[in-house]
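A short write-up of the structure that comes next.
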Amino acid sequence: MAVEMKEQQTNNEPPCTSNSLSNYLWDDHPDEEKWADCVHCGMCLESCPTYLETGQEQHSPRGRVHLIKSVAEGKLEVNEHFMDPVFQCLDCRACTTACPADVDVGGLIEEARGQIRQAMPLKGWKGVVSRLFLKDLFPHKNRLNGVGGILKFYQKSGLQKAVRKSGALKVMPKHLVEMESIMPPIQQSVQKKYKDVDVIPASSKPKARVAMLTGCIMDVMFADINQSTINVLTYNGNEVVLPKNQTCCGALHVHAGDRGTGKKLAKQNIEAFRDAEKVIVNAAGCGCALKEYPELFRNDPEWKEKAEEFTKKVEDISKYLYDTGYEKPHSKLNKRITYHDACHLAHGQGIRHEPRKLLNDINGVEYVEQPNADMCCGSAGIYNITNPEMAGAVLERKMENVPRDVEMISMGNPGCMLQMAIGVQKYGRRAEIVHTVQLLDWAYQQDQKNGLGTSDDKQTIAAREG
Amino acid sequence: MFFTKKKKTPRDPTIEHLADIVGKKSILYKKEDLLSYDCDGFTIHKAIPKAVVFPKDTAEVAAVVKYCSAHKMPFLARGAGTGLSGGAIPLNGEVIISLVKMKNLLSVDFENRQAVVQPGFVNLKLTNSIADKGYYYAPDPSSQYVCTIGGNVAENAGGAHCLKYGVTTNHILGLEVVLPDGEIIEISENGLPDAPGYDLLGLLTGSEGTLGIVTKITVRILKNPEGKQTVLAYFDDVENGSQAVSDIISAGIVPAALEMMDKTAIEGVEAGTYPVGHPDDIEALLLIEVDGIITGIAEQIEEIMNVCRRWNVREVKVAESEEERGRWWANRKTGFGAMGAISPDYLVQDGVIPRSKLPEVLRNIRKISEESELRIANIFHAGDGNLHPLILFDSRKPGETEKALKAGSDCLKACADVGGSITGEHGVGIEKIEEMRFIFTEEELEAQTNVRDVFNPDGLLNSGKLFPTPSRCMDVKKVM
Ligand SMILES: Cc1cc2nc3c(=O)[nH]c(=O)nc-3n(C[C@H](O)[C@H](O)[C@H](O)COP(=O)(O)OP(=O)(O)OC[C@H]3O[C@@H](n4cnc5c(N)ncnc54)[C@H](O)[C@@H]3O)c2cc1C
Ligand code: SF4
Ligand code: SF4
């Protein structure tokens with residue numbers, strides 16, 4: 001791994017004075033240019049789930065920007081009271097869509113979290129959880145696979161059933177119980193499955209070669225979605241490579257204020273995908289993080305340039321299919337389906353129309369648009385673990401908008417899938433939670449089974465012009 | 001609520017008392033939490049409140065007010081805090097009574113075309129809630145996505161479509177108000193218009209939160225017009241654009257909206273989140289909307305297009321779809337905020353002038369811009385002569401804030417000098433308190449403060465706003 005480590009900062013060292021800004025004592029502090037864009041107009045207020053929930057300015061985008069600026073102006077210190085609003089933010093980016101001045105609230109929040117985490121490292125159980133997930137697990141594929149194995153064992157062995165029956169779950173905090181009950185069945189990781197394959201061949205006439213981010217948690221808990229993504233790509237004439245030394249995207253680290261690890265992971269990924277022309281991502285949160293690597297290196301011209309080159313290659317699966325063309329499946333999926341916009345697709349990457357088009361291209365889909373489809377579900381990375389109350393309140397609001405009679409809720413982000421599964425269970429709904437590519441994959445498989453559809457099929461959806 | 005740590009019981013007896021009224025979770029009193037309330041949409045003055053309380057009903061509002069009044073503690077109401085003249089800034093360390101938790105639509109009576117809302121109900125939500133029945137709420141300030149109807153009443157808010165349908169005051173049928181001593185009164189309880197006696201509704205609406213706190217509002221709702229069409233016209237010359245505005249109105253057409261933007265404003269909206277693709281070399285654009293019975297619309301549109309052509313329009317077109325129309329409006333309505341994309345700070349002014357003076361005043365504003373060396377964008381309701389010069393500045397540069405304030409004041413002077421007024425819809429607040437003297441004599445001001453004193457004798461409710469008092473205004477100006 002030829003990655004330089006000079007970016008890494010150690011916690012709690014005496015602050016680097018040359019690069020501090022008033023009460024921000026560490027390097028890489030919130031960017032003045034970003035808050036200078038904010039004119040305090042308040043047009044973002046009603047888009048913000050935490051403001052809607054609390055009605056309090058400091059829990060609104062405008063308030064958060066104001067506080068972040070106040071620290072720089074020396075009016076406020078980096079302390080607990082500053083931390084609360086900054087960490088209650090879901091990082092959902094709804095404010096980015098609403099803000100007329102294009103203020104990068106998300107970027108500011110992440111930078112501020114970086115300062116907070118250095119000034120006040122996490123203690124107590126939150127520190128343990130966060131260290132466990134962020135430092136000890138996500139960056140390490142092998143360990144994750146190990147966890148996957150444990151989870152698989154837990155589910156398959158009947159232990160899960162036993163634990164549920166025995167009532168052992170009662171001692172876990174409520175939100176962890178909820179999480180446990182919706183853990184997806186674990187499949188084989190695609191990284192493992194294809195470990196001896198350099199290029200997964202296209203199943204129709206090859207037209208392009210793409211690399212795919214398999215993700216950390218994605219490839220362990222959601223291996224089937226990775227598999228579906230590969231199937232859909234190869235079905236549509238894409239050869240797929242899974243670069244071996246790719247790693248976790250770092251989104252959760254950056255969201256949690258651990259920008260050091262975030263940068264390290266970013267560098268590793270930039271290197272890992274150096275030879276790729278396209279990097280396909282099926283998790284909105286990861287895609288958004290990859291696209292934001294340049295922001296992470298804003299003070300490092302060399303890596304910033306590399307990051308910018310890298311970012312151009314990153315594409316969400318739904319947009320890639322939409323842009324390059326895909327075959328319209330023949331088989332009928334007779335289901336009533338609604339679509340939930342993952343924040344990091346809709347607000348983070350501006351992708352709204354493409355996945356809906358994919359869904360509507362599947363025969364028999366009765367599509368139902370839900371009101372406020374782009375409102376956060378409360379998942380937000382590990383937010384539902386660290387801020388369960390707010391996450392629960394946000395989820396409740398979300399579920400109120402999900403039509404009662406749908407049979408499936410489709411989306412493009414695994415974090416949302418878990419959270420929405422909790423929602424379905426908690427509010428007694430029956431809808432299945434699916435990733436959009438899974439449905440397309442299902443339809444293609446039906447086609448193949450029934451001898452329908454070939455690569456030179458007349459029904460191919462043309463690549464979008466331009 | 002959502003605090004990870006248990007809140008310590010506050011020691012300050014005032015805080016303890018207020019917390020007893022609204023509940024511990026509905027009060028903010030720590031410095032860090034209060035900092036977010038140090039200003040509203042007007043950011044030039046800042047002050048920290050004593051506390052912020054979030055009452056959930058009228059009784060709690062009244063109890064808080066009674067407490068403050070009994071203890072001679074200044075207080076004020078706050079909605080979404082989008083006010084542009086500083087009306088919600090706690091200049092005297094007020095207790096802020098935030099009405100955002102009182103945000104319900106209480107009832108809708110389609111038969112009598114009225115709705116009852118709580119003060120924290122967001123303007124656009126009303127239209128959204130009744131749109132499926134074919135109704136809407138007419139006053140549409142550009143901030144309607146977030147601002148509260150309570151705040152609209154206080155500021156007598158206007159909007160693009162107020163040219164034809166009138167501003168907030170024309171749509172208010174009844175109010176419940178908590179007076180500064182805590183008494184709860186109902187004005188025009190059943191929403192019947194034109195009750196005998198003094199027009200208290202008219203007095204309260206636009207009083208900028210200085211006479212009482214509005215806790216319930218009965219508003220008029222309207223049936224959607226049968227049809228509407230929208231025209232966009234690009235001009236190479238501001239005067240031609242202004243002349244077209246004059247001619248459209250004198251042709252007897254009453255557009256639902258008639259908006260104008262100049263070159264700097266266009267640069268801003270195009271750099272913002274909702275660009276339309278306006279050419280970057282035009283000097284002015286008009287956005288004109290006609291609505292009503294379908295049969296008349298085409299004719300009016302034709303006439304509007306002809307007027308524009310007569311004034312050398314470069315390009316004039318009709319929106320071809322609802323989607324296109326929506327994009328044009330989003331571009332216009334997010335116009336103020338979009339200035340953030342081309343300038344770190346802005347100051348919005350809000351003058352009103354006779355329409356015929358438009359070219360002259362715009363010329364003068366350009367002169368002010370040159371003299372102050374600050375860019376001024378104009379984005380405004382041309383149809384009713386309501387100008388919004390946006391003075392672009394950078395508060396980080398020493399002296400620039402003062403320069404901006406001076407330029408803003410000069411713009412208002414330019415309006416007053418041609419027989420106009422210093423505010424159309426954003427209110428006086430703190431911002432234009434001195435400029436009140438441009439249009440009122442000392443006696444006229446005193447007559448008005450006498451009215452205020454009847455309601456608000458101790459001056460505890462939102463004092464230091466709206467009217468200059470000889471000593472106070474000097475203090476205020478020095479705060480900067
Ligand atoms: C981007 C932008 C665009 C705007 N466009 C327009 C526009 O087109 N037209 C227009 O008219 N205005 C416009 N405004 C100004 C502002 O949105 C309006 O004045 C609005 O009515 C303020 O509502 P609010 O809920 O934000 O009130 P706040 O800002 O919270 O309060 C404004 C004043 O009202 C008082 N107040 C609030 N609630 C109550 C209550 N319940 N009882 C008594 N007093 C109360 C406050 O004390 C304060 O003095 C714009 C503002 C922004 C930021
Ligand atoms: S973040 Fe954007 S929308 Fe929110 S107050 Fe600032 S400029 Fe306005
Ligand atoms: S990212 Fe989401 S939660 Fe955070 S300030 Fe923006 S809208 Fe609010």
Just how far is it from atom CZ of B:F42 to atom SG of A:C41, taken to the nearest 0.5 Å?
-> 15.5 Å
Could you pull out all residues at least two apart from B:L124 that satisfy side-chain contact (heavy atoms from CB on, under 4.5 Å)?
-> B:N128, B:Q144, B:Y145
List the atom of A:V39, the atom of B:T43, and the distance in Å for their closest heavy-atom pair.
-> O-CG2, 4.3 Å
In Å, rounded to the nearest 0.5 Å, how long is the span from CG of A:D102 to OH of B:Y274?
-> 9.5 Å
Considering only heavy atoms, which portion of A:E77 lies under 4.5 Å from any heavy atom of chain B: side chain, backbone, both, or neither?
-> neither
Could you tell me which non-hydrogen atom of B:K25 sits nearest to which non-hydrogen atom of A:Q56, and how far apart they are?
-> O-NE2, 4.0 Å
Quick one: what part of A:F87 sits under 4.5 Å from any heavy atom of chain B, side chain, backbone, both or neither?
-> neither
B:K125 versus chain A, the contacting section by heavy-atom distance below 4.5 Å = side chain
Heavy atoms only: give me the nearest A:A101-B:G337 pair and the separation to one decimal.
-> CB-O, 3.1 Å
Between chain A and each of B:G81, B:G340, B:G41, count heavy-atom pairs under 4.5 Å; write down the option with the most.
-> B:G340
To the nearest 0.5 Å, what is the distance between NZ (B:K103) and CD (A:E46)?
-> 6.5 Å
Got a sec, which residues hit side-chain contact (heavy atoms from CB on, under 4.5 Å) with A:E400, two or more places apart in sequence or on another chain?
-> A:E396
Donor-acceptor contact present, side-chain B:K101 to main-chain A:T54, <3.5 Å | yes
Salt-bridge test for A:E57 and B:R78: reply yes if a basic N is under 4.0 Å from a carboxylate O, no otherwise.
-> yes
Select one option (side chain, backbone, both, neither) describing which atoms of A:R62 are under 4.5 Å from chain B's heavy atoms.
-> side chain
About how many Å separate CG of B:D33 and NE2 of A:H81, when rounded to the nearest 0.5 Å?
-> 7.5 Å
From the list B:L34, B:L35, B:T82, the residue making the most non-hydrogen contacts under 4.5 Å with chain A is B:L35
Given that the side chain runs from C-beta out, which part of B:S142 has a heavy atom under 4.5 Å from chain A: side chain, backbone, both or neither?
-> backbone
Within the distance-only criterion (no hydrogens, no angle test), does the side chain of A:H40 pair as donor or acceptor with the backbone N or O of B:D40 below 3.5 angstrom?
-> yes
Option passing side-chain contact (heavy atoms from CB on, under 4.5 Å) with A:L45 (candidates B:V122, B:V146, B:V100) = B:V146
B:N331 portion near chain A, given a 4.5 angstrom heavy-atom threshold = neither
Taking every non-hydrogen atom, the tightest pair across B:E32 and A:N79 = OE2-ND2, 3.2 Å
Could you pull out the closest heavy-atom pair between B:C39 and A:H66, with the gap in Å?
-> SG-CE1, 4.3 Å
Determine the minimum heavy-atom distance between A:G55 and B:F54, stating which atoms define it.
-> O-CE2, 3.4 Å
Non-hydrogen side-chain atoms of A:Q58 and B:Y37 separated by less than 4.5 Å | yes
